[in-house]
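Since the structure comes first, as C-alpha cells, the remarks are kept for the end.
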Protein chains: 2
Amino acid sequence: MARPTLRHLAEELDLSITTVSRGLAGYSDVAAATRVRIRETAARVGYVPNSAGQSLVTGRSGFVGLLLPLRDPPVIDPFLGEFLTGLGEGLVARGRDLFLATAQASQSEMEVLQRVVESGRADGLVLTRVAESDARVEYLLDKGFPFVTHGRTIDENLRHCWVDTDGADAFARAFDILYSDGHRDFALVSIDEPQSFRRFREDGLRRAIAARNDPAVSLQQRRTPRFDQQARTQAIYDLLSNDERPTAVLALTDEIALTVLEQAAELDIAVPDELSVIGFDNLPASAWVTPALTTFDQHIRDTAVGLADQLLDLIDGNASNSALSPSHRLIHPDLIQRASHGPAPRRHKESGGEGNRDFMS
Amino acid sequence: MARPTLRHLAEELDLSITTVSRGLAGYSDVAAATRVRIRETAARVGYVPNSAGQSLVTGRSGFVGLLLPLRDPPVIDPFLGEFLTGLGEGLVARGRDLFLATAQASQSEMEVLQRVVESGRADGLVLTRVAESDARVEYLLDKGFPFVTHGRTIDENLRHCWVDTDGADAFARAFDILYSDGHRDFALVSIDEPQSFRRFREDGLRRAIAARNDPAVSLQQRRTPRFDQQARTQAIYDLLSNDERPTAVLALTDEIALTVLEQAAELDIAVPDELSVIGFDNLPASAWVTPALTTFDQHIRDTAVGLADQLLDLIDGNASNSALSPSHRLIHPDLIQRASHGPAPRRHKESGGEGNRDFMS
DNA sequence: GGTGCGTTCCAAAACGTTTTGGATCCTACC
DNA sequence: GGTAGGATCCAAAACGTTTTGGAACGCACC
C-alpha cells in the first residue's frame, strides 16, 4: 500500500474517519480502549498524517522560512552553516521544520518574500543581515506576518522582534584593551555598505574613543566595497605603508583582519610587536593563522536558537504580540584573546613624553 | 483582505473557479481576452496560489528535503553553507524550494526520514555524507522514494543516483606529484569512521602506490576518531616526532592537514623544506595559513547544483528511472597548488644510493 | 433544418485532514 | 417509567486547489 490515510485506518478499524482522527489526537471523546486500538494500528502501518491536508485545514504549514540571499558575485556566507544548524536545532525541538527560500539573482528578494508570505508555505520568517533600513521589514510589518530578524534596523528598533550581537560593546572593549596597552594610533578597516552591524560596531568604537576624551588618540578609517577583495587589500596596504601607520587596527570582520595580517606580513611588519590587530567573528581560519587572531565570538548558533524560540513564541502565541511589545535580545560576544595584539610599540622617535607625538596631524 | 483565493478572484471577475484556475495556468480552453483579464486581476490583488491546496490535489509538495544531521558533539559541517547555497541555486531555477529536516539527537535519523517520506512534505530527498553502507539508502530504495546522494555507498554503486568527488583520483595525483618530487616516505592521516569518502581516498592512494611498484616507497597510517581533535593532534605529534618521520603527509581532509602544519611548527619542522603536506577540501583557512596549504577543491557548490538537477530529473521524469539506469556523476577535484609541498629533503645520512634507506623497516 | 464541430465556460468531484454539531446508547436518578 | 446526563461515536462541512466530463452556444456545411 502506498501512503496510508485516515480513511484506510478507519476502514481497517471499522471506525469513522472522525474517530480515528480524534483518537490519534488524544481527545477524551473516544474511549480509552478504542484510542489504544487506533494508535496501535497507526503505528503498525506506519501512518503519518499528510501535511498538505493538515495545513489546508489548520492554516498552518509547520514551516518556518529563511530567505537565502543569493549574491550577485556568488559569495558564500561563512556563517550560514552554523546559523542554519542553530535554527534547525531550535525549531525541531518545537516540532517545526525549516524551509529555505532562495532568491534567484534575476528576481528581487521582495518578490520571493511575497510569494512565501502569500502562498502560506511558512508560518513565520527569519530575516538575516538586515540593512540599516530594510524594505523587507517594512513589508512584513505591513502584512502583519510573524517574523524575527538577525540584527536590528537603525530607525525603528522597537517595532519587531530581533536578536543581535552587541557589536558596539565589543568594539568598545577592544578599544579599551588596546588603549590600556598603550595604543593611541588606531585604524578601523570596514566596509562600504549600509549594513546595520557595521553601523553599530563603528559607533561603539567612536563612542569609546569619545569617552576617553584623550586628544592623543587618533583614528584612521578605511572603507571598501564588501566583496571587493582587491580594493580591500589595496586599502590595507596603503594604510600600513603609510608614514602615519597606526599601531592598532580594528577590523570590522575577521575576513578583513586576516587580510590585515597578510599585508602586515607582506610589509614585514611584526604582529603583535609592531602592530596589534583585533577582528570580529571568530572564523575558523582565525585560529589557524599565525599569529592567531584575537577576535570576538558571536555565538551564531545560540543566536539562531534564540531567533527560533522568539519566532515560535510569536507564531504560537498571539501574533499581535509583535506590535505590542516585541522581544529583543542582545547577545554579548566573547573576546577570544589570541596572539595578534599586545602592548603598543615604542615609537621610532624616543620622545619619552606623552602628548608629544609629532607625526600626528 | 487576507489572502485572496481563487474564489475571491472568481467572484470579482464573475467567472467560475475553474475558469480562473485554468486561465492562470494558461489553458487554451479559456478565451484569450478572459485570460488577460484573469491575469491582470490576479496580479493586481497579489494572488499567489495556496500551496497546501495545490499539493493536496497534485500530490506534489514543491519541496525537496535535506536531512540535516545534528551531531552529538555539536560540530558544524564546514561545507554546509556552500552546499546549501548550491542546492538552493539548482532548485530555484526549476521552481522548487528546499526544506531542511533536522534530526534531533534523541530521535534517530531514520525516524525523521520516515516522517518526511510518509508525510509527503517533500517530493524528493538529498542525502549527504553517506556511509559505506547506509541504512537510509536502503530504506529509500525500498520505498521507491526519489533521492540522490552526495557520495557513493560502497557495496552497490549502481542502484541509485549520486554525485561524488573523485577522491581516489585526487589522492593518486597527490601521490604522483610527491613521488616525482622525490618523496618515498609517506604518511596518511585519516579518520576512524566508515565514511565512504574516506574509503575512496585511501584506496586511491594505495592503488597509486601499488602502481609505482617501488619497494622504496613506505606508507605509515594514522587513524583517529573524526571529532576528537585531541587524539588527532596526539597522533600527528607522535607521527612527526617519530624516528622514522615521513617526508610527505597526505591528510584525508584540510582540517587534518591544518593540524599537521600546526604540529610541524610546534616541532620546528620546516614546511615544505623538511615536510610536504597536502590536504583535501580547500577550506578557507587553508589559504590563510602559513605556509598556505596545497589541497584539492571539491567544487561543493557545483556538486550541489548537480545533485539538485539530478533529483529534479528523477522527480519530474519517470521515477523508476532510478531503478533502471540511475545517473552518476564524478566530479574532478582541482589541485590547488600552494606552498606546503616541495621537493623531498636530502636525508641526514648522505648515502647517495637509491634503495639504501636504512631507517626503513 | 439537421448535423457536426469548435470555442468557451462551468458544476462537481477529489485530494486528506480537522472540527462542528449532533446522534445513539447506556446508566443513574427521581 | 420517564428523564437527564455522560460516554462514545459519526456525518458532513470546510480548507483551496486541479481536473474530469460535460453544457451551452455559434457557425459552417450538407
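Since the structure is predicted, the reported quantities are computational estimates derived from the model, not experimental observations. Chain letters run A, B, ... following the sequence lines, proteins first, then strands; residues in each count from 1. The basis for the numbers below is simple: all heavy atoms, side chains too, and nothing from hydrogens, waters or symmetry mates.
Sorted by residue number, the members of residues 47-64 of chain B with any non-hydrogen atom under 4.0 Å from DNA chain C read B/Leu56, B/Val57. Within residues 19-37 of chain A, the residues approaching DNA chain C are A/Ser21, A/Arg22, A/Tyr27, by heavy-atom distance under 4.0 Å.
For A/Ser55, there are no side chain to side chain donor-acceptor pair (under 3.5 Å) partners at least two apart in sequence or on another chain. Scanning for side-chain contact (heavy atoms from CB on, under 4.5 Å) contacts around B/Glu118 gives A/Arg3, A/Pro4, A/Val48, B/Gln114, B/Tyr139, B/Lys143, with sequence neighbours left out. For A/Thr85, there are no side chain to side chain donor-acceptor pair (under 3.5 Å) partners two or more places apart in sequence or in a different chain. Qualifying side chain to side chain donor-acceptor pair (under 3.5 Å) partners for A/Arg121, counting only residues two or more places apart in sequence or in other chains: B/Asp97. Taking the side-chain contact (heavy atoms from CB on, under 4.5 Å) definition, one finds that B/Leu66 meets it with B/Phe83, B/Leu84, B/Leu87, B/Leu98, B/Leu100, B/Val126, B/Thr128, sequence neighbours left out.
From the 5' end on, the contacts that DNA chain C makes with chain B at under 4.0 Å to a non-hydrogen atom open and close at C/dT8 to C/dG16.
When each of B/Glu132, B/Glu138, B/Arg136, B/His160 is checked for a side chain to side chain contact (heavy atoms under 4.5 Å, CB included) with B/Thr153, only B/His160 meets the rule.
The rotation axes computed at either terminus of the helix from C/dG1-D/dC30 to C/dC30-D/dG1 lie 70° apart, taking five pairs at each end and rounding to 10 degrees.
By the 4.0 Å N-to-carboxylate-O rule, B/Asp302 lies too far from B/Arg329 to be salt-bridged with it.
For residues 23-41 of chain A, every residue pair satisfying the side chain to side chain donor-acceptor pair (under 3.5 Å) rule, not counting sequence neighbours, is listed here: A/Arg22-A/Asp29. Pairs engaging residues 33-66 of chain B under the ring-ring contact (aromatic ring centres under 6.0 Å, His included) rule: A/Phe63-B/Phe63, A/Phe99-B/Phe63 [sequence neighbours left out]. Among residues at least two apart or in separate chains, there is no salt bridge (Lys or Arg N to Asp or Glu O under 4.0 Å) pair with a member in residues 47-63 of chain B.
The main-chain N or O of B/Leu330 is never found under 3.5 Å from a side-chain atom of B/Asp164 such that the two would form a donor-acceptor pair.
At a threshold of 4.0 angstrom between heavy atoms, the contacts of B/Leu15 are confined to the sugar-phosphate backbone, with no base atom among them.
B/Arg94 CZ: more than 12 foreign heavy atoms inside a 6.0 Å radius.
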